[in-house]
Amino acid sequence: MTQLQATPLRTLALSGRRGAGAAARPTAASVRCSAAARSYSITLLPGDGIGPEVVAVAKDVLSAAGSKEGVELRYKEMLMGGAALDAAGVPLPDETLAAARASDAILLGAIGGYKWDNNEKHLKPETGLLNIRAGLGVFANLRPATVLPQLVDASTLKREVAEGVDIMVVRELTGGIYFGKPRGFGTNDKGEETGFNTEIYSVAEIDRIARVAFEVARKRGGKLCSVDKANVLEASMLWRKRVTAIASEFPDVELSHMYVDNAAMQLVRNPKQFDTIVTNNIFGDILSDEASMITGSIGMLPSASVGESGPGLFEPIHGSAPDIAGQDKANPLATILSAAMLLKYGLGVESAAKRIEVAVTETLDNGFRTGDIYSPGTTLVGCKRMGEEVLKALESQK
């Protein structure tokens, strides 16, 4: 296969609203096959909890959308997270990472569960997630939070606050306190046990995520808000300094800065003031989950994680929800929409991605809802039935 030399910045800029006159570009970060090559390999990582259920549904939708556009998708299912711990004794087996690196894109379900909560850190399912992100070099995480008209009343915010919200959170994914060293446990001068972590960023790490975010903002509403804690943290002081410096490369984008505590408040007070947000790993982890609830359910939101080369990682932002696993109660729409992002950003097949997005919208228009987004007057369905309805809508397209 011919590898496209496409930068992730151009790809990420495809997401969300576009400014006047901005045209969509068909290239994709992590695109490893040319548009002429219509066969792609996908690594499936169902994971734990509801992961296998939602991935199974998304796989069927992904295949159907690809088929309508003449795209052949070949799948390889691998173990990760708690499932890998039980089968292989590690959360990310070497063969899983190798398969992921060799594929054109990766679709992940969810990882984790109560069963492994008391494991040592290196044997926790979440360690597998951190390791695969690092192993793939996917440093930019895109998390859209868009309030769909059909679900505006599912938001916990008043209609006038939630209606029209369309936010993209660009989160730095492979640096900061989740990866920084030194880290560990120790003892202070009083003999008390301590735990410590290191929030650290280099200029290169900040610059590359800032450029991604500016490109995203350029193709949306032209506004970028950088979130930090520069009044307290030295790492945030450097973050603000570098983001401000990179802004000179993007004179058409309006840059603002906001402290993270204020940003958390403003997201529920007046979320429509935000277009694109860029922030570090831990702040992005928290704020993107907060933003997701504005939309009505974390079960609706997809994400894409991409790097400068190699395959991208696509996953719903919800967790493994072990309390409802195996009960056909999970909402598969976030994973289905992650599959759409995979087609658009991972493979560059935007027409197939659009088919999925339209099918999801039609399914919601037809009144089908899983329990997390159910309201009186709509039809309550399970995970499988929701997938079947999306497939019906997709198959009815010309």
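For the pair Met386 and Leu333, the minimum side-chain heavy-atom distance is below 4.5 Å. Using a 4.5 Å heavy-atom cutoff, the side chains of Ile356 and Leu343 are in contact. Arg208 is not listed as a side-chain neighbour of Arg211, based on a closest heavy-atom distance of 4.5 Å or more. Side-chain contact check for Leu394 versus Val61: some heavy-atom pair is nearer than 4.5 Å. Side-chain contact between Leu45 and Ile106 is present, with heavy atoms from C-beta onward closer than 4.5 Å. The closest side-chain heavy-atom distance from Val253 to Lys223 is not below 4.5 Å. With contacts defined as side-chain heavy-atom distances shorter than 4.5 Å, the pair Leu108/Leu313 qualifies. Contact annotation: the side chain of Ile167 never approaches that of Pro144 to less than 4.5 Å [non-hydrogen atoms, C-beta and beyond].
With 3.5 Å as the limit, one finds a donor-acceptor pair spanning the side chains of His257 and Thr244. Side-chain N/O atoms of Ser305 and Arg133 include no donor and acceptor closer than 3.5 Å. Checked by atom type, the side-chain pair Thr43/Ser103 shows a donor-acceptor distance below 3.5 Å. Tyr178 and Asn197 are not linked by any side-chain donor-acceptor pair at a separation below 3.5 angstrom, with hydrogens and angles left out of the test.
Qualifying salt bridge (Lys or Arg N to Asp or Glu O under 4.0 Å) partners for Arg242, counting only residues two or more places apart in sequence or in other chains: Asp207. Partners of Asp60 under the salt bridge (Lys or Arg N to Asp or Glu O under 4.0 Å) rule, at least two apart in sequence or in another chain, do not exist in this structure. Partners of Tyr75 by side chain to side chain contact (heavy atoms under 4.5 Å, CB included), not counting sequence neighbours, listed by chain and number: Ile42, Leu44, Lys59, Leu62, Ser63, Leu73. For Ala98, the side chain to side chain contact (heavy atoms under 4.5 Å, CB included) test picks out no residue, with sequence neighbours left out. Remark: Lys124 engages Asn119, Glu126, Thr127 in a side chain to side chain contact (heavy atoms under 4.5 Å, CB included) (not counting sequence neighbours). Asp252 is linked by a salt bridge (Lys or Arg N to Asp or Glu O under 4.0 Å) to Arg218, counting only residues two or more places apart in sequence or in another chain. Taking the side chain to side chain contact (heavy atoms under 4.5 Å, CB included) definition, one finds that Asp372 meets it with Ser297, Asn331, Thr370, sequence neighbours left out.
When atom types are taken as modelled, the side chain of Asp328 and the backbone of Gly382 share no donor-acceptor pair closer than 3.5 angstrom. When atom types are taken as modelled, the side chain of Gln327 and the backbone of Asp323 share a donor-acceptor pair closer than 3.5 angstrom. Checking side-chain atoms of Arg171 against main-chain N and O of Val278 turns up no donor-acceptor pair under 3.5 Å. Counting only distance, with no hydrogens or angles, the side chain of Thr174 and the backbone of Phe139 share no donor-acceptor pair below 3.5 Å. Counting only distance, with no hydrogens or angles, the side chain of Arg369 and the backbone of Leu364 share a donor-acceptor pair below 3.5 Å. The backbone N or O of Tyr40 sits nowhere less than 3.5 Å from a side-chain atom of Asp104 that would complete a donor-acceptor pair. A donor-acceptor contact shorter than 3.5 Å links the side chain of Thr279 to the backbone of Val227. Formation of a donor-acceptor pair under 3.5 Å by the Asp48 side chain with backbone atoms of Ala83 is found in this model. A distance-only check finds a donor-acceptor pair linking the side chain of Ser320 to the backbone of Gly112 [under 3.5 Å]. Here the side chain of Ser236 pairs a donor or acceptor atom with the backbone of Lys229 at under 3.5 angstrom.
The two residues Ala325 and Gly49 have their closest heavy-atom pair at CB-C, 3.5 Å. In terms of heavy-atom proximity, Leu337 sits nearest to Val360 at CD2-CG2, 4.0 Å. Here the closest heavy-atom approach between residue Val57 and residue Pro332 is recorded as CG1-CB, 3.9 Å. Val306 and Gly312 make their closest contact through CG1-CA, 4.4 Å (heavy atoms, listed as atom of the first residue, atom of the second, distance).
Leu123 belongs to a hydrophobic cluster with Leu85, Trp116, counting contacts under 4.5 Å between side-chain heavy atoms of Ile, Leu, Val, Met, Phe, Trp and Tyr, direct or through other members. Using a 4.5 Å cut-off between side-chain heavy atoms of Ile, Leu, Val, Met, Phe, Trp and Tyr, Ile200 forms no hydrophobic cluster with any other residue. Within the hydrophobic cluster formed by Ile, Leu, Val, Met, Phe, Trp and Tyr side chains joined at under 4.5 Å, directly or through other members, Leu380 is accompanied by Tyr374.
Sorted by first and then second residue, the side-chain hydrogen bond (donor to acceptor under 3.5 Å, both in side chains) pairs involving residues 143-162 (not counting sequence neighbours) are Asn141-Arg143, Arg143-Ser288, Arg143-Asp289, Thr146-Asp166, Gln150-Asp365, Asp153-Arg159, Arg159-Glu163. Judged as a salt bridge (Lys or Arg N to Asp or Glu O under 4.0 Å), not a single pair has a partner in residues 183-203 (not counting sequence neighbours).
Other residues, nucleotides and ligands contribute over 12 non-hydrogen atoms within 6.0 Å of the NZ atom of Lys68. The number of heavy atoms from other shown groups lying within 6.0 Å of CG (Asn188) is above 12. Within 6.0 Å of NZ in Lys329 there are 12 or fewer heavy atoms belonging to other residues, nucleotides or ligands. In Phe185, the CZ atom is not crowded: 12 or fewer heavy atoms of neighbouring residues, nucleotides or ligands sit closer than 6.0 Å.
Cluster annotation: Met265 is not connected to Val169 through the hydrophobic network of ILVMFWY side chains, with a link wherever side-chain heavy atoms come within less than 4.5 Å. When hydrophobic clusters are built by joining Ile, Leu, Val, Met, Phe, Trp and Tyr residues whose side-chain heavy atoms come closer than 4.5 Å, directly or via intermediates, Leu79 is not grouped with Val55. Linking ILVMFWY residues whenever their side-chain heavy atoms come closer than 4.5 Å, directly or via other members, places Val71 and Val390 in the same cluster. Residues Met237 and Ile246 fall into different hydrophobic clusters, defined by Ile, Leu, Val, Met, Phe, Trp and Tyr side chains chained together at heavy-atom separations under 4.5 Å. Residue Ile282 is grouped with residue Val260 when hydrophobic side chains (ILVMFWY) are merged at heavy-atom distances under 4.5 angstrom, including chains of intermediate members.
The residues Glu389 and Arg385 are annotated as salt-bridged, a charged nitrogen and a carboxylate oxygen being separated by less than 4.0 angstrom. A salt bridge is absent between Glu72 and Arg38; no separation between the charged side-chain nitrogens and carboxylate oxygens falls under 4.0 Å. Under a 4.0 Å N-O distance rule, the pair Glu395/Lys392 does not qualify as a salt bridge.
Rounding to the nearest 0.5 Å gives a distance of 8.5 Å between CZ of Phe283 and CD1 of Ile177. A distance of 13.5 Å separates CD1 of Ile336 from CG of Leu342, quoted to the nearest 0.5 Å. Atom OG of Ser338 and atom CE of Met341 lie 7.0 Å apart (nearest 0.5 Å). Taking CD1 of Ile298 as the reference point, atom CD of Glu290 lies at 11.5 Å (rounded to 0.5 Å). Here CD of Gln266 is found 4.5 Å from CD of Gln273. Values are rounded to the nearest 0.5 Å. Ile132 contributes atom CD1, which lies 9.0 Å from atom CZ of Arg101 (distance to the nearest 0.5 angstrom).
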**Message:** Working note: Ser41 + Arg74, criterion side chain to side chain donor-acceptor pair (under 3.5 Å); need CA distance, chi angles, decisive distance, verdict.
**Reply:** CA-CA 5 Å; Ser41 62; Arg74 294 170 283 107; 4.7 Å; no
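Below 30°, between 30° and 60°, or above 60°: for Phe250 and Phe214 the angle between ring planes is below 30°, a parallel geometry.
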